[in-house]
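Right, one structure below, let's go through it.
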Amino acid sequence: MFHVKHIAPHILLINPWITDFSAYNFWIKPLGLLRITSLLRENGFRVTLIDCLDFSIKRRKYEDGKFLKTKIDKPHPLKSVPRNYSQYGIPEEMLLKRFSMLEEKPDIIGITSGMTYWYPGVFKLIEITKKLFKNVPIILGGIYAALCYEHAKKHSGVDIVFNGKEELEALKLISDLTNFELRTPNSLPAGASAQAGELRTNLYPAFDLYPQLDDICIATSKGCPFRCTYCASPFLTKGFSRRDPLKVVDEIDYWANKYGVNNIAFYDDALLIEPSKHFIPIMKEVIRRGISCNFHTPNAIHIREIDEQVADLLFRSGFKTIRLGFETSNEATQIETGGKVDNQEFRQAINNLKKAGYSTEEIGVYIMVGLPGQRVGEAREAIAFVKETGANPMLVEYSPIPHTPLFEKARKMSQFDIENEPLFHNNSILPCQWDGFTMADNRRLKEGLRRK
Ligand code: SF4
């Protein structure tokens with residue numbers, strides 16, 4: 001008699017800690033990793049998911065909140081920054097306990113990654129897993145791996161750095177590495193698009209693996225038709241595609257009614273583009289089915305598309321957190337950086353949102369500060385402009401992102417070696433500070449907003 005230990009390979013997937021000067025849980029979930037989890041399960045793999053960020057404290061009304069943080073030593077390149085540096089998420093002992101509870105050693109470990117400058121948390125996790133699970137191949141994917149591929153290959157210590165753009169490619173990679181035959185082999189590339197995969201399988205991300213599910217995120221589209229010079233969306237995602245509006249509503253319905261989820265964050269880069277074909281039918285159907293949820297747009301939505309009907313649907317369907325990607329009121333900068341909106345369109349959108357029922361406090365407007373060569377006066381003007389229209393300005397410090405058109409300009413003017421050290425992409429250090437826009441200027445702007 002022969003003994004088969006197991007047939008289906010066991011894949012351990014992990015979302016690592018954040019390491020930073022600050023971090024806040026705006027409904028953060030590793031959506032790509034959760035989609036891969038679903039694909040693997042559908043194809044017969046056994047999957048264990050560990051989300052190191054699934055440990056928030058001080059939950060607020062809409063389930064956003066602070067992460068548990070553990071103060072850690074600053075990485076050497078950031079030593080001179082006069083702020084505490086922390087690891088956000090579950091305590092290390094808890095992670096080790098989760099590992100010790102695994103019934104079986106994994107056959108493959110897949111680790112995702114977020115912002116480029118969060119790599120110390122990723123590397124620490126890799127170090128721990130390598131020690132515990134000797135000789136188990138580790139694949140590193142996610143945003144850092146895609147944007148800083150060479151850095152990750154050189155320094156991460158993993159076996160494979162995955163910089164594919166589609167989840168189906170990850171499935172194919174794991175299938176090849178484990179020599180495990182897929183149940184749905186016809187779902188695989190050559191060249192199959194994620195959208196095609198989604199339409200065929202209609203799989204939902206594996207949120208059901210969370211022990212307690214209060215909030216989820218959803219992506220109704222992939223990519224963005226704009227090409228803003230500071231944004232990595234065009235590099236990270238091939239083209240622009242959207243899901244069938246009714247299937248999107250089915251998914252919202254599923255999580256809201258089967259799992260009692262009350263808060264859903266839209267992760268789309270371009271939720272509102274051509275609203276008559278997408279956003280409007282989705283939200284009309286949400287209202288028609290009587291789905292009651294709080295919706296949030298932490299990634300910002302396109303201002304130009306907010307006409308009276310869209311504003312009204314945002315309000316009536318339950319969007320509680322509205323964030324608009326305005327960035328600047330300087331018309332030359334607007335055009336230079338991609339032309340996604342102008343001041344007239346912005347005013348009109350704010351009027352429409354107010355008419356629909358939103359208060360000033362509820363309309364959060366992102367203003368990007370510290371762009372290469374930007375003067376503090378430009379940021380002051382943008383703040384004043386947003387206030388005057390009756391919305392709530394929120395400052396976002398510019399982070400230089402590799403493979404974006406603006407990166408080269410940032411590299412030339414930054415006092416930090418942003419080309420070779422991703423830690424210097426951290427927006428908290430104001431990577432493109434200069435005499436015309438200093439850290440002190442930035443502090444004063446922020447204090448001014450807090451005093452309002
Ligand atoms: S519109 Fe938004 S998502 Fe699209 S490229 Fe510009 S910043 Fe990126």
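Counting starts at 1 for both ligands and their atoms, following the listed order.
- In summary, an N, O or S atom of Cys231 is located under 2.8 Å from atom 8 (Fe) of ligand 1.
- Salt-bridge formation is not detected for the pair Glu362/Arg323: no Lys NZ or Arg NE/NH1/NH2 atom is positioned less than 4.0 Å from an Asp or Glu carboxylate oxygen.
- Using a cut-off of 2.8 Å, one finds that Cys224 contributes an N/O/S atom close to atom 4 (Fe) of ligand 1.
- Under a 4.0 angstrom heavy-atom cut-off, His302 registers as being in contact with ligand 1.
- Closest to atom 6 (Fe) of ligand 1, if we only count protein heavy atoms, is Cys228 SG, 2.3 Å.
- Against a heavy-atom cut-off of under 4.0 Å, Lys340 is close to the following atoms of ligand 1: 1 (S), 7 (S).
- Figure legend: cation-pi geometry between Lys29 and Tyr210, with NZ or CZ positioned under 6.0 Å from the six-membered ring centre and within 45° of its axis.
- The aromatic rings of Tyr254 and Tyr204 sit tilted relative to each other, their planes meeting at an angle between 30° and 60°.
- If you number the atoms of ligand 1 from 1 as listed, the ones under 4.0 Å from a heavy atom of Asp269 come out as 3 (S).
- For the pair Lys66 and Tyr88, the cation-pi test (distance below 6.0 Å, angle within 45°) is failed.
- Close approach to Tyr230 involves these atoms of ligand 1, each under 4.0 Å from a residue heavy atom: 7 (S).
- Between Ile218 and Asp268, the shortest heavy-atom distance links the atoms O-OD1, 3.8 Å.
- Residues Asn15 and Thr112 have side chains that never bring a donor and an acceptor to within less than 3.5 angstrom of each other.
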